[in-house]
Amino acid sequence: MNRAAWEHFSHEADVGIRGFGVTPAEAFEQAAVALTAVVTHAEIKPLTSVDEMAIRKMLFGCFAVAIEGTRLNGILWGEPVDVARHAPACEPKGATYTALQVRKNDGGLWSAGCVVDV
């Protein structure tokens, strides 16, 4: 694998998410896509951009991450939740330190992942 991608991995009652990319930022973007896929498999339209964390009753499907030193900034694009169309399966409660890992593999691909409490 030498391109952006994501995956889920099982962990007891919770779910693991992992993103892959050619840069750490791209790996985090893909981890965010994996997190959205925990909630819904429906297409998320990038109607609104958000650069501050807040409860907005939205789902996000497009992500831009910038990493400067030890600071990570992100912009998210998404749309308001439409329960009928998105059919949300669950609401993630939060990321945990379990299986938290950001690393570069021998092939030069970055991964970023952790277990999410659902």
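Side chains included, hydrogens not; waters and symmetry mates left out as well; all remaining heavy atoms used. Everything numeric here is computed off the predicted structure, so don't read it as measured data.
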At their closest point, which heavy atom of Trp110 faces which heavy atom of Val22, and how far apart are they? CD1-O, 3.6 Å

Euclidean distance, Ser111 OG relative to Phe28 CZ, rounded to 0.5 Å: 9.5 Å

Quick check for you: to the nearest 0.5 Å, what is the distance between His11 atom NE2 and Thr96 atom OG1? 7.0 Å

Quick one: CD1 on Ile67 to OG1 on Thr23, what's the gap to the nearest 0.5 Å? 7.0 Å

Which heavy atom of Phe20 sits nearest a heavy atom of Gln30, and at what distance? O-CG, 3.4 Å

When clusters are formed by joining ILVMFWY residues with side-chain heavy atoms under 4.5 Å apart, either directly or through shared neighbours, do Leu76 and Val33 land in the same one? yes

Heavy-atom closest contact (Ala34 atom, Ile17 atom, distance): CB-CB, 3.9 Å

Member of Val81, Asp82, Val83 meeting the side chain to side chain contact (heavy atoms under 4.5 Å, CB included) criterion with Arg85: Asp82

For the student: nearest non-hydrogen atoms of Val15 and Val38, plus distance: CG1-CG2, 3.8 Å

Closer than 3.5 angstrom, by distance alone: can the side chain of Glu79 be matched with the main-chain N or O of Leu47 as a donor-acceptor pair? no

To the nearest 0.5 Å, what is the distance between NE2 (His86) and CD (Glu43)? 8.5 Å

Which value, rounded to the nearest 0.5 Å, describes the distance between Thr48 atom OG1 and Met58 atom CE? 4.5 Å

Student check: side-chain heavy atoms of Glu91 and Val39 closer than 4.5 Å: no

Minimum heavy-atom separation for Pro46 to Cys62, with atom names? CB-CB, 4.4 Å

Heavy-atom closest pair, residues Phe63 and Phe60: CZ-O, 3.4 Å

